[in-house]
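Structure, as structure tokens:
Not measured: the values here are computed from a predicted model.
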Amino acid sequence: MTTIAPDLRVAGAQRSYPPRAAVVSWIFFDWAAQPYFTLITTFVFAPYFATSVAPNPAAGQSLWGFAMAAAGLAIALLSPVLGAIADSAGRRKPWIAGFGLVLVLASCTLWIGKPGDVAVIAPLLTAVALASVGAEFATLFNNAMMPTLVPPERIGRLSGTGWATGYIGGIVSLIIVLGFLAANPETGRTLLGFAPLFGLDPVTHQGDRAAGPLTGLWFIIFVTPMFLFTPDYPAKRPLREALREGLSELKQSIKNLPRQKSLAAFLLANMIYTDGLVSLFAFGGIYAAGTFGWHTIQIGTFGIMLAIAGALGAWLGGKLDDRLGPKRVIAGSLLVLLLSVAAILLVDKDSVLFVKTAPPQAGAPLFSSAAERAYLVLGCLIGAAGGPLQAASRTLLIHLAPKDRIAQYFGLFALTGKVTSFIGPLLIGMVTALTASQKAGMAVLVVFFVAGLGLLMRVRD
């Protein structure tokens, strides 16, 4: 594996950068990791779990929320510590490899999720939580490699391109599952009209369950170029020494954080709006399944449309990031998300913004009702805003954080993105359980976006 020279670790002092192949290979990490979020937590396995494994959709949404909350808490507690250790130890790739292995093994375990089998609920939720930990930590260390790859004035475009590439990877993986693996149990045919490959049984939803092993295999294949061609930081200290020094530096950074007012305000804003965004993506498919009775085909098609919107939004957002600055991109994205979520709460299967419409009819073409089409439009707006929001957020952190402690601050970034991330899923789970209403559970997300936008206004880029 190649490494960068020690004197090139500070991006501001860097005089040369790795070749294009190294940058492209780094970008493909997002392509490799995205199917976990697209197939498992959003559009295929999460709705399948809620509608076919759990006793009912409301219980499924609640249980899924508790599992995501547990994973988020673990990520929040460990992210800054691991980031500080990585800065002191130097290398990033061993951490990516280790947590990538957790992602692969846990994702493959999801194959056991047979419909209606309550005995597999606890193992499935445990595997999903572990896969989430693996995906998030691998992403943390991959993000920390960014300042060494391109000049500072191109960081926004790099981040946006990576996020857009990830969305495209999600689209391709979703098309594979919907078009060739997952079939409608009633017709036995996939979205493209084929019989499932490998003899997968539609009745036992083997196509939906195959999303787990596919996610693991996909990650192994497409993360490999990053290990081969993208330069790593050089090794600096043995792990034990790095642990001691990293924790000491982390303590000092946290102590000094109140004096870095813009950085502190940004981390707090990121904590709040990321909680809302992650919760929105995690429960969007489940909400649609319960509201409109959508199954894998409908939800997956919806997911493809959202991913296309997200890819375009992230790519355009990367360009606007370098031109206007990441703070403005984040603020604009939050406004779009806030208005879209508020509108979605006014869409039901037989009404749109208080106007009565015909409900979806059995056997009708996909998305034939007015309410479903309204949900599609609003979902695409959410997808288009979510991509640039996340890409510009990691760019803004690079602008604000000390360059010699970038992994540590990405750890704090992950901390603020996860320390309260259990609150969003937990509140959705609790409110849904108490009211037996998915709409009431989703309504809590409005508060997260309003508060995050207010705090962002205190940040000076």
Side-chain angles (χ1 to χ4, degrees), residues 37 41 65 68-84 132-133 135-137 139-140 143-144 159 163 250-251 253-283 326-327 329-335 337-338 341 382 385-402 405-430 442 444-461:
F37 303 100
T41 67
M68 292 295 99
L73 183 59
I75 293 165
L77 295 175
L78 294 175
S79 289
V81 175
L82 292 175
S132 181
V133 169
E136 293 288 350
F137 282 147
T139 300
L140 183 158
N143 287 343
S159 183
W163 223 278
L250 175 62
K251 181 180 179 181
S253 295
I254 294 175
K255 184 178 180 181
N256 293 335
L257 195 56
R259 293 196 288 270
Q260 300 172 286
K261 293 184 178 180
S262 282
L263 181 56
F266 168 63
L267 291 174
L268 187 58
N270 177 70
M271 177 179 72
I272 294 173
Y273 67 66
T274 298
D275 194 1
L277 184 65
V278 170
S279 300
L280 179 58
F281 283 154
F283 291 97
K327 178 183 173 182
V329 174
I330 295 170
S333 300
L334 285 173
L335 282 173
L337 286 170
L338 177 60
V341 171
I382 290 171
L389 174 65
Q390 296 170 92
S393 293
R394 65 182 181 185
T395 303
L396 184 54
L397 178 75
I398 291 172
H399 285 203
L400 297 173
R405 297 184 182 181
I406 194 66
Q408 178 186 133
Y409 276 88
F410 264 114
L412 290 173
F413 181 67
L415 167 66
T416 58
K418 290 295 181 182
V419 68
T420 60
S421 65
F422 68 93
I423 292 180
L426 183 62
L427 284 177
I428 291 175
M430 290 177 62
M442 295 293 286
V444 303
L445 297 179
V446 172
V447 178
F448 289 93
F449 294 129
V450 171
L453 184 60
L455 284 167
L456 182 70
M457 295 300 101
R458 303 181 62 182
V459 177
R460 291 186 178 182
D461 183 5

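- Taking all atoms of both residues into account, the shortest heavy-atom contact from Gly452 to Leu334 is C-CD1, 4.2 Å.
- Atom CG of Leu267 and atom CD1 of Ile272 lie 11.5 Å apart (nearest 0.5 Å).
- One finds the CG atom of Leu263 at 7.0 Å from the CG atom of Leu397 (value rounded to the nearest 0.5 Å).
- Residue Gly276 comes nearest to Leu445 through the heavy atom pair O-CD2, 3.8 Å, listed as atom of the first residue, atom of the second, then distance.
- In this structure, CG in Asn143 is found 7.5 Å from CD1 in Ile398, a value given to the nearest 0.5 Å.
- Residues Ala265 and Arg458 share a closest heavy-atom pair of CB-CB, 4.2 Å.
- Of the possible donor and acceptor atoms, one in the side chain of Arg394 sits under 3.5 Å from a partner among the backbone N and O of Ser159.
- Partners of Phe137 under the ring pair (Phe, Tyr, Trp, His ring centres under 6.0 Å) rule, at least two apart in sequence or in another chain, are Phe99.
- The minimum heavy-atom distance linking Lys327 with Val459 is given by the pair NZ-O, 2.5 Å.
- Phe266 has its side chain within reach of Ser393: a pair of non-hydrogen atoms, C-beta onward, lies under 4.5 Å apart.
- By the side chain to side chain donor-acceptor pair (under 3.5 Å) test, Ser333 pairs with no residue at all, sequence neighbours left out.
- What you find for Leu456 and Ala331 is that their closest heavy atoms are CD2-N, 3.6 Å.
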Phe448/Val341 under side-chain contact (heavy atoms from CB on, under 4.5 Å): CA gap, chis, key distance, verdict = CA-CA 11 Å; Phe448 289 93; Val341 171; over 6 Å; no
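- The two residues Ala71 and Val133 come nearest to each other via the heavy atoms O-CG2, 4.1 Å.
- Between Tyr273 and Ile330, some side-chain heavy-atom pair lies under the 4.5 Å cut-off.
- Rounding to the nearest 0.5 Å gives a distance of 10.0 Å between CG of Asn270 and CG of Asp275.
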